[in-house]
Amino acid sequence: MKNITALIKLTTAIVLLMSIAFISSAQTKTTKPKENEKPLQQVTAFTGQVSGWVNNDDFVYNGFYLQTASTKFLVNFPTHMGNELTTAIKTGNTILVNGVEKTSPQGEKEIKLVSITANGTTINETPPVKPATPSAAEFINGSGKISELQKDKQGKIKGYILDNKTILRIPANVAQQLNKKAIEGVAISYSGAKQMLHTGEVAVASYTIIHCKTITINGKEYLTK
């Protein structure tokens, strides 16, 4: 009799545990995982003077400095808005910027642009318009001498600036392997696709940017991608 009672208790416990496991599994399957929720960002109005323009590593305008009464901010904008903004505002103009205040990894105060009001006109941050027919890439072969190693904010080489106003773009892992061969003053030949300015972009200086397929140094050719 005792054995039967013990068996009943054991069976009951097993059934209970299986039920709990089943319910837990069902809840896991029916509960949808939460999406990565972005924190709510407050838009603030900043009034100040435009104190200078900023460009990216391709020498295309992508920001300007705004000097308020107490702080100097870097206002970032997408490159396709360069023509519109450089036409509408000039260095020294007092403008109103609506945006989200941020701090860069380097500790610089920045504003993520929402809109700008200057001379009674408001310009909103907008996405780029895709061209109806994408332009075909132009393939170029050329040569020159390395005048400067172009580095990113982390100090990694991302390209070579040549003496003929050409910038060669290569992957970081390739640059690392060539760090003792591709140095300033060395002659280099290359082949690759020319980067075109997109609609609305404005270049600070007229550089030809090549996304390299091959480069040749000291008579040896290397595939870069």
Side-chain angles (χ1 to χ4, degrees), residues 50-65 74-91 104-106 108 110 113 126-225:
V50 178
S51 60
W53 294 92
V54 176
N55 56 267
N56 60 19
D57 290 335
D58 293 335
F59 295 94
V60 175
Y61 287 122
N62 69 339
F64 61 86
Y65 283 107
L74 171 60
V75 181
N76 296 299
F77 59 79
T79 56
H80 69 272
M81 294 184 66
N83 183 56
E84 184 178 18
L85 292 178
T86 55
T87 301
I89 58 179
K90 305 298 179 183
T91 301
S104 72
Q106 291 74 35
E108 188 174 27
E110 297 183 345
L113 179 65
T126 56
V129 178
K130 293 183 179 180
T133 305
S135 57
E138 180 183 355
F139 200 81
I140 290 180
N141 293 280
S143 61
K145 284 187 178 181
I146 298 176
S147 60
E148 184 182 344
L149 304 179
Q150 190 180 38
K151 299 180 180 181
D152 61 18
K153 292 181 179 180
Q154 286 71 45
K156 295 180 180 179
I157 296 174
K158 66 175 300 180
Y160 308 128
I161 300 178
L162 307 187
D163 58 353
N164 57 4
K165 295 185 75 68
T166 299
I167 300 175
L168 304 183
R169 286 275 174 262
I170 57 171
N173 64 314
V174 174
Q176 186 176 7
Q177 295 176 71
L178 292 173
N179 65 347
K180 293 183 179 180
K181 297 180 178 68
I183 57 177
E184 292 181 7
V186 166
I188 186 171
S189 299
Y190 56 87
S191 68
K194 179 181 178 181
Q195 178 174 301
M196 306 299 292
L197 277 178
H198 296 104
T199 302
E201 292 183 339
V202 177
V204 181
S206 180
Y207 282 92
T208 299
I209 300 175
I210 307 296
H211 292 271
C212 290
K213 183 177 182 180
T214 65
I215 59 174
T216 302
I217 300 175
N218 295 327
K220 294 182 179 180
E221 187 175 26
Y222 303 94
L223 186 67
T224 59
K225 61 178 174 180

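Heavy atoms only: backbone and side chains are in, while hydrogens, waters and symmetry mates are out. Computed from a prediction, not measured in an experiment: that's the story for all the values here.
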**Item:** Any Phe64 side-chain heavy atom under 4.5 Å of Thr91 side chain
**Value:** no

**Prompt:** Going through the distances and angles, do Lys151 and Asp57 end up as a salt bridge (Lys or Arg N to Asp or Glu O under 4.0 Å)?
**Reply:** CA-CA 9 Å; Lys151 299 180 180 181; Asp57 290 335; over 6 Å; no

**Item:** Over 12 non-hydrogen atoms of neighbours within 6.0 angstrom of NZ in Lys156
**Value:** no

**Request:** Examine distances only and state if a side-chain atom of Lys220 and a backbone atom of Thr216 form a donor-acceptor pair shorter than 3.5 Å.
**Result:** no

**Item:** Over 12 non-hydrogen atoms of neighbours within 6.0 angstrom of NE2 in His211
**Value:** yes

**Tyr65 vs Val75 side-chain heavy atoms within contact, under 4.5 Å** = no

**Asked** Between the side chains of Ser191 and Thr214, does any donor sit under 3.5 Å from an acceptor?
**Response** yes

**Side chain Asp58, main chain Val60, donor-acceptor under 3.5 Å** = no

**Message:** Would you say Tyr160 and Glu184 are linked by a side-chain donor-acceptor pair, where the criterion is simply a distance under 3.5 Å?
**Reply:** no

**Request:** Can you label the angle between the Phe59 ring and the Tyr207 ring as parallel, tilted or perpendicular, going by 30° and 60°?
**Result:** parallel

**Request:** Answer yes or no: is there a side-chain heavy-atom contact under 4.5 Å between Tyr222 and Lys181?
**Result:** yes

**Asked** If every non-hydrogen atom of Asn164 is compared with every non-hydrogen atom of Gly144, which pair is closest and at what distance?
**Response** ND2-CA, 4.3 Å

**Message:** If you apply the rule side-chain contact (heavy atoms from CB on, under 4.5 Å), what do you find for Leu162 with Ile188, and how did you get there?
**Reply:** CA-CA 9 Å; Leu162 307 187; Ile188 186 171; 3.7 Å; yes

**Message:** When you measure from the side chain of Thr224 to the backbone of Lys213, do you find a donor-acceptor pair of N or O atoms at a distance under 3.5 Å?
**Reply:** yes

**Exceeds 12 heavy-atom contacts within 6.0 angstrom, atom CG of Asn173** = yes

**Message:** In the structure I gave you, are the side-chain heavy atoms of Thr166 and Ile210 within less than 4.5 Å of one another anywhere?
**Reply:** yes

**Prompt:** Would you find a donor on one side and an acceptor on the other, under 3.5 Å apart, between the side chain of Asp163 and the backbone of Lys145?
**Reply:** yes

**Message:** Would you say NZ of Lys158 has more than 12 non-hydrogen atoms from neighbouring residues, nucleotides or ligands within 6.0 angstrom?
**Reply:** yes

**Request:** Evaluate side-chain hydrogen bond (donor to acceptor under 3.5 Å, both in side chains) for Glu221 paired with Tyr190, printing each intermediate quantity in order.
**Result:** CA-CA 9 Å; Glu221 187 175 26; Tyr190 56 87; over 6 Å; no

**Message:** Is it the case that the side chain of His198 and the backbone of Thr79 share a donor-acceptor pair, with hydrogens and angles ignored and the cut-off at 3.5 Å?
**Reply:** no

**Asked** Do Glu201 and Met81 touch side chain to side chain, with heavy atoms closer than 4.5 Å?
**Response** no

**Prompt:** Hey, does Gln176 have a side-chain heavy atom less than 4.5 Å from the side chain of Val174?
**Reply:** no

